[in-house]
Amino acid sequence: MDFELAEFALKKATTLGASYADVRLESTTANGFLLKNGVPQISGFDKISGLGLRLIINGTLGFVSTNELEKNKIKELIERSAKKLNSASKIGENVKLSEETTAVANYEVKQKVKLADISPKEKLDALFDIEKGIVKSGVDVPGRYLSLSDNVTEKYFVNSEGSKIFSKIPRVEYFYFLTIKNGEQTAQRYWQYGKTAGFEALKGWNLPETMTREVKAMQKNLQIGIKPPKGKIDVVAAPQVVGIMVHESGGHPYEADRIYGREAAQAGESFITKDMMGKRIGSDVVNVVDDPTLKNSYGYYLYDEEGVAARRKYMIKEGIMTELMHNRETANVIGLKSNGSARATSYDREAIVRMSNTLMLPGDHTEEELIEDVKLGIYMKNFMEWNIDDKRVHQKYVGAEAYLIKNGRIEGPVSKPILEMSTQMLYKSIDAVGKNSEYHAGSCGKAEPMQAIPVWFGGPSIRIKNVRLGE
Amino acid sequence: MKREIARYLMKEFQKKGADDVVVCLTEDTSSQIKFSNNLISATQDWRADDLSVFASIKKKLVTTSIKDFSKKAADDTIKDLIKFAKSVEPSKEYEGIADGPFKYNSIQDGYDKKIKDMDGGIVDLTRKGINIALENGAKRTAGVTETHINNVFLLTSNGVEAEEKATKVYFSIRSFMDKYASAHYVSNSRMLKDLRLKEAAENSALVAKKAKNPTTCRPGLYDVVFEPLPFANLVEQMGTCSSIFYVEAGLSCLSGKLGTKIADEQVNITDDGTLKGGMNSARFDAEGVPTKVNKVVEDGIFKTYLHNTSTAKRHDTVTTANAGIITPLPYNTVLKKGNYKKEELLQGVKRGLLVTNVWYTRFQNYETGDFSTIPRDAVFLIENGKIKHPVKDLRITENLINVFKNVAAIGNDPWQIRSWDMELPVITPATLVKNVRITKSVE
């Protein structure tokens, strides 16, 4: 990696009048493998290198990126941007950044089993083992889309304030999409696993056994799943469901750039206004955090893309809205320091406010204790369809694997129960939180052009009291 | 130099035993102005060259790309990809790439020097759009203006050598009166003269003004007039569902439906890679086959899946020129326009809704087509053919084939739609759909 190129770009920006500039120089090696219905589709590897630079001229923010890593090409691009910024500043926002501590750091996530030491055959064999597990289950699964990918990103960040941060992060990701058939009926299920780690991550996921269990459960749901109960019931939501709930309604609405309108024409805004911090949103057992520093998490980092040290942020503390997620621009608007929430998917995307690992914190109940106090309800283990409006109020989750709870015991499967409720209703109806935390991976989309960024979402099982299911 | 490296890679891979090779050089220059709160939030400029390689070595399908156009980098890539291929399993269903060479027609209105030379002019275009919206009463605006200049150079081991250049311009504007009254319009074109910036900006403001103080309405069945932006979201789904890869992967509601009625007889959908000014129009597909017009839905009947050479052989048919070597995809999905002005579509509604935008479309089952999507921005209750008042907090919970079977009338003013939430371009007018299921949060 040519660090001198980053320094050159930085110097060029400041020479052209930038009051602030930062550079991300990145190099990623990646591998990908895909099976469709047991047949390898395509396997590949790639090395992606490039430079992204932000600069502020006359108070207006510019971003340039290129994979032509030559000084004259970089110079030309920065000069074009500077000229455009001088014109744009006539109707530009006056972007000011919070004052932050300069950081000099070098960190790496160690791989126990190096991805580079595992041959393509071994990676494809891992997919074939999962395929065999599904086929041997005896369940009719005519649609089997299995994908395994890994990458290692080296990143050098430098800014005009003297920060210099080097990081090396490996990621492993497994994605599956299955169609399970029973007679004429079908059900579908997809999910993703991801970690910052080496190839050892795969063993920990225990995928052949997990896939076998899931397809058998989905088959049973198709065979004997009953209609969901009507009227007011209790819902015990398992970690996969809790994770997506907190991501969508406990994470996204707290992104400060949405609240200030910067994402208005894309992923939308928020029901939250900046003066709502300190107000109650849920019961006092609800605690939702975003934490980039969780070891081996899929959204892991120690310094964000502005060189600010990462830390845990409490969006909801004991039911009270507590903290927004900020970058330096949004923090400055209300006179705060950034809490290190600036991320970008790659060198060719501007850094914006993003989640990392968004979780409900565990309580003190076992999952069994949550269930045994339910007279009539459902246990929703996972989901397929979900969405939420762009202000993050009205959310919907449709169960894929779900069960009836009667008098404190799990009975048979329930078919496609629908939770369709407001954010306020959800969080105030949570009366108990388990201690069985799990973390699940996703690719969260935001911004234009789209940035699908690796995240974890999760938490323990929770009980939602006295709610009606959707129809 | 880059083209020489492309030719070198082709020759060397063939020498080293590759049966099929496809080398594609793309050169991209893009710019964006992002605006929010009526001001420019950021300017963005991208420059990237990419040389991708696909090879089949005894049906072992492998791919990589290079960005360093030196001979050393090319030699390293050849060595690494051959070694990589030795370690993977063959794809028994692969049936090769098209036999060239081919002759190509030009894409009309596909390249505009005014876009290529625009540079700082993109700031003026943005300012113009914002001002039009403000002059028409918008309080707050957000959106983007983008330009793209792109060149593609393609070589295949079956005799194809093809090249084309393209320009694109895109304007997206969401106007707000207050937190709950907003409207979003987009315009996409290959030529600057075809950008409907003024209309998009005006519409966003005028419709937002009508959307103040929305109330709510009961869940149930409604006749819905979809504006082009939301209906494009659903037409795009039909387009991707016609890809044979999606069918085989379980991601399509058109599996097993060739020759059957999947829409009202008024519905005609084509996939048109040759469309004059089409955002995705191209002279050739990823194997170099000249693009064509494919009738996907004709008078409501599903007529064809989208194929590449390999999938077509496997399904005993011919390529539809939609490669993707692995995944065939539509180019421009076009819903044929009807005869109705928008006012006439509204007049056909006794009690219903006018939906101006949707987002977050997600499926419970892609094969059955059960999905939901959320109306956003202005939604209006219609009674006896007239807009009564704005409403909010609704969800469309439906089945994709059901929606198209219930098309009652199609508008006469198609818009070319591609937006941040919708990658593949669609050309569609406003459309009236009967008996659409609307649900809401349960309180």
Side-chain angles (χ1 to χ4, degrees), chain A residues 36-37 39-46 49 60-68 77 80-81 83-85 87-88 91-93 119-121 124 143 145 177 179 186-188 261-262 264-266 348 350 384-390 394 396 398 416 420-422 425 448 450 468-471, chain B residues 33-34 36-37 39-49 61-65 67 80 84 87-93 119-120 123 127 140 142-144 172-174 176 179 184 248-251 326 359-360 362-368 371-374 376 393 395 420 439 441-443:
Chain A
K36 175 165 63 71
N37 305 332
V39 178
Q41 295 301 293
I42 190 156
S43 307
F45 67 88
D46 215 343
S49 302
T60 304
L61 178 67
F63 173 75
V64 304
S65 81
T66 183
N67 64 359
E68 294 184 298
L77 199 56
R80 264 184 64 212
S81 179
K83 194 174 165 195
K84 201 178 287 179
L85 283 169
S87 165
I91 54 163
E93 283 179 23
S119 70
K121 181 180 186 321
L124 209 39
Y145 181 107
F177 181 89
T179 303
T186 58
Q188 294 189 325
R262 200 181 188 272
Q266 291 83 28
D348 63 349
E350 64 156 348
M384 177 66 184
E385 179 189 333
W386 90 101
N387 50 37
I388 190 167
D389 71 298
D390 66 308
H394 297 288
K396 177 182 183 182
V398 184
K416 295 183 275 190
E420 192 169 358
M421 60 188 358
S422 68
M425 174 71 117
E448 191 163 20
M450 179 63 74
R468 248 182 259 275
L469 295 177
E471 294 191 8
Chain B
I33 303 290
K34 183 177 174 127
S36 60
N37 301 310
L39 298 171
I40 291 177
S41 314
T43 68
Q44 305 204 55
D45 289 280
W46 297 272
R47 182 76 198 76
D49 292 344
L61 308 183
V62 288
T63 184
T64 188
S65 72
K67 286 90 179 166
D80 291 341
F84 192 87
S87 187
V88 302
E89 292 293 313
S91 172
K92 64 178 193 258
E93 64 184 28
D119 210 17
V123 174
R127 190 194 340 250
R140 183 164 65 92
V144 299
S172 160
I173 184 163
R174 194 180 189 195
F176 292 80
K179 204 172 165 86
H184 197 155
E248 290 174 346
L251 287 162
I326 301 301
W359 93 312
Y360 227 142
R362 290 291 184 276
F363 284 77
Q364 177 64 12
N365 189 321
Y366 286 82
E367 278 200 346
T368 59
F371 76 98
S372 64
T373 187
I374 303 182
R376 79 183 224 180
D393 298 343
R395 183 177 270 105
W420 83 277
T439 60
S441 287
V442 180
E443 294 298 335

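Protein chains get the first letters and strands the later ones, always in sequence-line order, with residue 1 at the start of each.
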Student: Hey, which of A/K121, A/K416, A/E420 has the most heavy atom pairs under 4.5 Å with chain B?
Tutor: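 Looking at each of A/K121, A/K416, A/E420 in turn, A/E420 comes out on top.
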Student: Is B/W420 reaching over with its side chain to a backbone N or O of A/E448, donor-acceptor style, under 3.5 angstrom?
Tutor: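 No, B/W420 side chain to A/E448 backbone: no donor-acceptor pair under 3.5 Å.
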Student: Quick check for you: among A/G92, A/A187, A/G143, which has the greatest number of heavy-atom pairs under 4.5 Å with chain B?
Tutor: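 Looking at each of A/G92, A/A187, A/G143 in turn, A/G92 comes out on top.
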Student: Check whether B/T368 gets within reach of chain A through its side chain, its backbone, both or neither, counting any heavy atom under 4.5 Å.
Tutor: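 The answer is the side chain of B/T368.
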Student: Using non-hydrogen atoms and a 4.5 Å limit, figure out which bit of A/M421 sits close to chain B: side chain, backbone, both or neither.
Tutor: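 Both parts, heavy atoms under 4.5 Å.
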Student: Using non-hydrogen atoms only, which part of A/I388 is less than 4.5 Å away from chain B: side chain, backbone, both, or neither?
Tutor: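 When you check distances to chain B, atoms from both the backbone and side chain of A/I388 fall under 4.5 Å.
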Student: Are the side chain of A/Q188 and the backbone of B/Y366 linked by a donor-acceptor contact shorter than 3.5 Å?
Tutor: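 Side chain of A/Q188 to backbone of B/Y366, a donor-acceptor pair under 3.5 Å: yes, one is there.
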Student: With chain A, which of B/S87, B/G250, B/P90 has the greatest number of heavy-atom pairs at distances under 4.5 Å?
Tutor: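 The option with the most such pairs is B/S87.
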Student: If you tally heavy-atom pairs under 4.5 Å against chain A, which of B/K179, B/R127, B/K92 wins?
Tutor: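 It is B/K179.
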Student: Taking the side chain as every heavy atom from C-beta outward, state whether A/P40 and B/L61 have any atom pair closer than 4.5 Å.
Tutor: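 No, every pair of side-chain atoms sits at 4.5 Å or beyond.
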Student: Pick from B/D80, B/D393, B/V62, B/T64: which one has the most heavy-atom pairs with chain A under 4.5 Å?
Tutor: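 Of the options given, most contacts go to B/T64.
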Student: Are A/M425 and B/S441 side-chain neighbours, meaning at least one heavy-atom pair lies under 4.5 Å?
Tutor: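 Side-chain contact under 4.5 Å: no.
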Student: Against chain B, label A/K84 side chain, backbone, both or neither, depending on which of its atoms sit under 4.5 Å from a heavy atom there.
Tutor: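 Interface part for A/K84: both.
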Student: Has A/D389 got a side-chain atom pairing as donor or acceptor with B/I374's backbone, closer than 3.5 angstrom?
Tutor: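 Checking the backbone N and O of B/I374 against the side chain of A/D389, no donor-acceptor pair under 3.5 Å is found.
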Student: Just by distance, no angles: are the side chains of B/S36 and A/E93 close enough, under 3.5 Å, to form a donor-acceptor pair?
Tutor: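 B/S36 vs A/E93: donor-acceptor pair found between side chains.
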Student: CG/B/D45 to CG/A/L77 distance, rounded to the nearest 0.5 angstrom?
Tutor: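 Rounded to the nearest 0.5 Å, the CG-CG separation comes to 6.0 Å.
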Student: Given the options B/I173, B/T373, B/I33, B/L251, which has more heavy-atom pairs under 4.5 Å with chain A than any of the others?
Tutor: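 Looking at each of B/I173, B/T373, B/I33, B/L251 in turn, B/L251 comes out on top.
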Student: In terms of heavy-atom proximity below 4.5 Å to chain B, should A/I91 be classed as side chain, backbone, both, or neither?
Tutor: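 The answer is both parts of A/I91.
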Student: Could you check if a side-chain atom of A/E350 sits within less than 4.5 angstrom of a side-chain atom of B/K34, using non-hydrogen atoms only?
Tutor: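 Yes, their side chains come closer than 4.5 Å.
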Student: How close do A/A88 and B/T43 get, counting heavy atoms only, and between which atoms?
Tutor: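 For A/A88 versus B/T43, the nearest heavy atoms are CB-CG2, 3.9 Å.
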Student: Answer yes or no: is there a donor N or O on one side and an acceptor on the other, between the side chain of A/N67 and the main chain of B/D49, under 3.5 Å?
Tutor: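 Pair found, side chain donor or acceptor close to backbone of B/D49.
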Student: For residues B/D119 and A/R80, determine if any side-chain heavy atom of one lies less than 4.5 Å from a side-chain heavy atom of the other.
Tutor: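 They are in side-chain contact.
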Student: Taking side chain as everything from C-beta outward and backbone as N, CA, C, O, which of these in A/L124 sits under 4.5 Å from a heavy atom of chain B? Side chain, backbone, both or neither.
Tutor: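 For A/L124, the contact with chain B is made by the side chain alone.
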Student: For chain B, which of A/V64, A/T66, A/I42 has the most heavy-atom pairs under 4.5 Å?
Tutor: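 Between A/V64, A/T66, A/I42, the count favours A/I42.
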Student: Any idea which heavy atoms bring B/S41 and A/L61 closest together, and the distance?
Tutor: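 Distance-wise, the nearest heavy atoms are O-CB, 3.6 Å.
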Student: Find the one option among A/M450, A/M384, A/E385 whose heavy-atom pairs under 4.5 Å with chain B are most numerous.
Tutor: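 It is A/E385.
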Student: If you measure from CZ on B/R362 to CH2 on A/W386, what distance do you get to the nearest 0.5 Å?
Tutor: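 The CZ atom of B/R362 sits 4.5 Å away from the CH2 atom of A/W386.
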Student: How close do B/A42 and A/R262 get, heavy atom to heavy atom, and via which atoms?
Tutor: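 Closest heavy-atom pair between B/A42 and A/R262: CB-NH2, 3.6 Å.
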Student: Are the side chain of B/R47 and the backbone of A/E68 linked by a donor-acceptor contact shorter than 3.5 Å?
Tutor: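 Between the backbone of A/E68 and the side chain of B/R47 there is no qualifying donor-acceptor contact (under 3.5 Å).
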Student: Give the member of B/V88, B/I326, B/V123, B/V442 that has the highest number of heavy-atom pairs under 4.5 Å with chain A.
Tutor: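 Ranked by heavy-atom pairs under 4.5 Å with chain A, first place is B/V442.
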Student: In terms of heavy-atom pairs under 4.5 Å, which option from A/G62, A/A264, A/G470, A/S65 contacts chain B the most?
Tutor: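 Of A/G62, A/A264, A/G470, A/S65, A/S65 has the most heavy-atom pairs under 4.5 Å with chain B.
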Student: How long is the straight-line distance from NE2 of B/H184 back to CG of A/D390, given to the nearest 0.5 Å?
Tutor: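 Going from CG on A/D390 over to NE2 on B/H184, the span is 10.5 Å.
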Student: Is the shortest heavy-atom distance from the side chain of B/K67 to the side chain of A/S49 under 4.5 Å?
Tutor: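 Not in contact.
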Student: Between atom OG1 of B/T63 and atom CG of A/D46, what is the distance when rounded to the nearest 0.5 Å?
Tutor: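 The OG1 atom of B/T63 sits 7.5 Å away from the CG atom of A/D46.
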Student: With a 4.5 angstrom heavy-atom cut-off, could you sort out which part of A/V39 is near chain B: side chain, backbone, both or neither?
Tutor: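 Interface part for A/V39: side chain.
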Student: Checking A/T179 against chain B: side chain, backbone, both or neither under 4.5 Å from a heavy atom?
Tutor: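 Side chain of A/T179 only, per the 4.5 Å heavy-atom cut-off to chain B.
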Student: Checking A/K36 against B/E93 for the side chain to side chain contact (heavy atoms under 4.5 Å, CB included) test, could you report, in this order, the C-alpha distance in whole Å, the side-chain angles of both residues, the deciding distance, and whether it holds?
Tutor: CA-CA 10 Å; A/K36 175 165 63 71; B/E93 64 184 28; 3.5 Å; yes
Student: Any heavy-atom pair between the side chains of B/W359 and A/Q266 that's under 4.5 Å?
Tutor: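 They are not in side-chain contact.
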Student: Where the side chain of B/S91 meets the backbone of A/Q41, is there a donor-acceptor pair that is under 3.5 Å apart?
Tutor: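 Side chain of B/S91 to backbone of A/Q41: no pair is present.
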Student: Please examine the side chains of B/R395 and A/N387, heavy atoms only from C-beta on, and report whether any two atoms are closer than 4.5 Å.
Tutor: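 A/N387 vs B/R395: side chains touch.
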Student: Under 30°, 30 to 60°, or over 60°: which ring-plane class applies to A/F45 and B/F84, parallel, tilted or perpendicular?
Tutor: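 Aromatic pair A/F45/B/F84 classed tilted.
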